[in-house]
Structure formats: C-alpha cells, structure tokens
Number of protein chains: 2
Amino acid sequence: MQVTARVDYAIRAMAEFAAQPDRALTRKDLATAQGLPGKFLESILRDLARDGILTSQRGASGGFRLGRPAADITLADVVRAVDGPLAAVRGQPPESVEYTGPARALTRVWVATRAALRQVLEATTVADLASGTLPEHVERLTEDTEAWRRR
Amino acid sequence: MQVTARVDYAIRAMAEFAAQPDRALTRKDLATAQGLPGKFLESILRDLARDGILTSQRGASGGFRLGRPAADITLADVVRAVDGPLAAVRGQPPESVEYTGPARALTRVWVATRAALRQVLEATTVADLASGTLPEHVERLTEDTEAWRRR
DNA sequence: CACTTTTCCCATCTTTAACGTAGGATTAAT
DNA sequence: ATTAATCCTACGTTAAAGATGGGAAAAGTG
C-alpha cells in the first residue's frame, strides 16, 4: 500500500481545519502551516470541495471551510476524494476480479484486505486525528511493539 | 492500496506451486496455467527465488519449486519479495514519517493501517489460498455483505 | 559432442501515474 | 479600481508499471 503525497497532504490539511474550525483557511495558510507545495495543494483542496468535504469561498477574505463537522469526516472519505477507491487490484475493484484453478480464493483475500483497511480508515475521523485520540481498536493496533518495526 | 500486476501474478503463481508441490514448474507452465505474460512472469519468479521462496533449476527438465512448505509461506512474504515493503507513506516507512501541529497523530494512523494489512497478509499462507480455506478472522472480514460493495 | 530446454541477465520500450508549476479567468470584499 | 482569493486548463518532469527481446550459461538427452 503506497500512501501518495496527495493523500498525505489532504489529511494534513484536514487536520488544520479541524484545529481551527471557525476560520476560513486559504491555500496559503495551509501550505505554510504544514509546509506543503501551494499550487499542488490547491488541486487537492478543490477535490475535497468537489466531494463536499470542504466548502469554498472565492475573493478577498475567502478560503475553505469544513463542509460538515470534523467528527463526521473519516479518513476514508478524504482518501476517496483525492485518490479514488481505497483498494484496487490491477485497477479493478477487488470484488470484480476473478481467478481460476488454485487461485480461486484470491478474490476473497482482496476483499478481506480492503475490509481491514476500512476498519482503520472509516473508524478514524478528522476530529480524532486532530485531538490525538484515535478509536480504541485503532490505538490497539499500534500498541504491539512489532507494529513499529520496519516491514 | 493498489495491488500491482506483479503481486497479483506472483500470488497466482504461488497458488499453482501449492497445488502441485512435487513437480518442477517452468515459467511456461505457469504462464499457460494462469494466463500470464511469460517474460514478465520470469522476472517475478526470479524475485521469488532470490528471497528463497522458490528454488530454481536451470537446464532441461528444470524449473522452479517451492523453497519451503506452502504452509510456511505467507502472502506478505510474496508481496515483499516482488514489491518491497507492504506499506509506505510518500516512499518512506510509516513509522519514520513525522508531522507537526494537529497532524501529529498521523504517524500512528499509518502504523495502524500497516498492522491491519499484516493481520490479513501474514495470517494467510499460500497453502490456505490453494486449499480455499482462509484463516478464521480473514474469512470473517469477508462475511459482512458490506465488504463486497464497491468502495 | 551436439542439441534442446531451461533459467539467468541485461537492455530497451511504451504507457501511465505521481508530483508539481504557470498563467490567466472569475469572484468578492474594500 | 485594487487586491486577494478560488477556479480552470494546460503543461512539464520524473519515476514506476508493465511489459518484450535476445543472448549467455547450465543441465539433461541421444
């Protein structure tokens, strides 16, 4: 699983919105707060606005705001807005790939893999991230010291 | 998470080995059995052999064999052999990326995400795949009908 | 020894995606 | 008017994905 720069930047931007929910933040505000490339970030913010995760206001004293409360925006929502489906197998959705012979069960493995991802990314909201308090079962996944070793 | 053709092909090849553990299989055998591009498959098989997952024998009546029992080869082993680390954030290992401000907890999210992946891919062996009987908690992830909807 | 079958190794190619920049049009406040 | 912002389109650069081709080296067979 490769987390792209788009996803990383989008989530970091969302964390800033959750921390300052009553201000409109400009692309420049966010770029300097998190050290992100401004023009690239712009296209990411528009993806988020297209999906209703942010609202935008043009003109002077404009910027972006949360489209709904940070507690109602999951990290999976953000990933899908900027990068499309959470999981794909050779570009196809996991449930649609078919195999023959002894590989027949592989479809189920891919569906399970996506489900495992969803258990983390749909459970964690932007509000959780900004507060630093992750859902219990997500926190539990990080508690095993093995989880922190390079693998 | 994008499952690449390399990973997909590698796992399908491994399923064939698990189904016929006592024969040496050639790249051509595997390519026709699973309908894979032969030359591309060759480089995948050599990756698997480099990691000891397969052994190879050159010359007439040569081919590839399992390097250890199929029940001792996890899908994670196969993924790592052909595609490198299971998870990366902008090319870096999840535990090494650092964030500032309200994004500070994001490192933990990425580590948890990788751990969730590992719970599926390290639990499932090539023997499980070929037999069609996945580990209980993997099977359970696929039982929710929601798991089969496009997302 | 010649011949065949295979892996091994290296080079190359095409297409796509990732990552980012540039510049102007549009909107809105002062 | 001026300024500050999003919107929109186009472009560029680099790396990765997904292959293909051809020959060298090894191993078995007649």
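Side chains are part of it too, since the values below use all heavy atoms of this structure and drop only hydrogens, waters and symmetry mates. Note on naming: letters A, B, ... go to the chains in the order of the sequence lines (proteins, then strands), and numbering restarts at 1 for each one.
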### Message
Could you check whether any side-chain N or O of B:D72 sits under 3.5 Å from a backbone N or O of B:P69, counting only pairs where one atom can act as donor and the other as acceptor?
### Response
no
### Message
For the CZ atom of A:R80 and the CD atom of A:E122, what is their distance to the nearest 0.5 Å?
### Response
4.5 Å
### Task
Starting from P on D:dG18, measure out to CZ on A:R90 and report it in whole angstrom.
9 Å
### Query
Within the side chain of B:Q34, is there an N or O that forms a donor-acceptor pair under 3.5 Å with the backbone of A:T100?
yes
### Message
Determine whether a donor-acceptor pair (N or O, by modelled atom type, separation under 3.5 Å) exists between the side chain of B:R108 and the backbone of A:G132.
### Response
yes
### Summary
Residues in residues 17-26 of chain B with a heavy atom under 4.0 Å of DNA chain D, by number, are none
### Query
For the atom pair CG (A:D83) and CZ (A:R6), what is the distance rounded to the nearest 0.5 Å?
7.0 Å
### Message
Using a 4.0 Å cut-off on heavy atoms, which residues in residues 27-55 of chain A reach DNA chain C? List them by number, or say none.
### Response
A:P37, A:K39, A:F40
### Task
Name every residue in residues 91-102 of chain A that has at least one heavy atom under 4.0 Å from any atom of DNA chain C, in order of residue number, or write none if there are no such residues.
none
#### Entry: For B:K39, salt bridge (Lys or Arg N to Asp or Glu O under 4.0 Å) partners two or more places apart
B:E42
### Query
Are there more than 12 heavy atoms of other residues, nucleotides or ligands under 6.0 Å from atom CD of A:E146?
yes
### Task
Write down the atom of B:A123, the atom of B:P135, and the distance for their closest heavy-atom approach.
O-CG, 3.3 Å
### Message
Rounded to whole Å, please give me the gap between CG in B:D8 and P in D:dG18.
### Response
10 Å
### Task
Take A:T133 and A:D128 through the test side-chain hydrogen bond (donor to acceptor under 3.5 Å, both in side chains) and record every step on the way to the result.
CA-CA 5 Å; A:T133 311; A:D128 293 333; over 6 Å; no
### Query
Looking just at side-chain N and O atoms, do A:Q2 and B:Q2 make a donor-acceptor pair shorter than 3.5 Å?
no
### Query
From B:L45 CG over to B:F40 CZ, what is the distance, rounded to the nearest 0.5 angstrom?
11.0 Å
### Message
Check B:R12 with B:E16, please: is the shortest side-chain N to carboxylate O separation under 4.0 Å?
### Response
no
### Message
On DNA chain C, compare the nucleotides closest to A:Y9 and B:G63; which residue's is nearer the 5' end?
### Response
B:G63
### Any residue meeting salt bridge (Lys or Arg N to Asp or Glu O under 4.0 Å) with B:R104, in chain and number order, not counting sequence neighbours
none
### Query
Which nucleotides of nucleotides 24-29 of chain D have their base under 4.0 Å from a protein heavy atom (B), which only their sugar-phosphate (S), and which neither (-), written as one string 5' to 3'?
-SBBS-
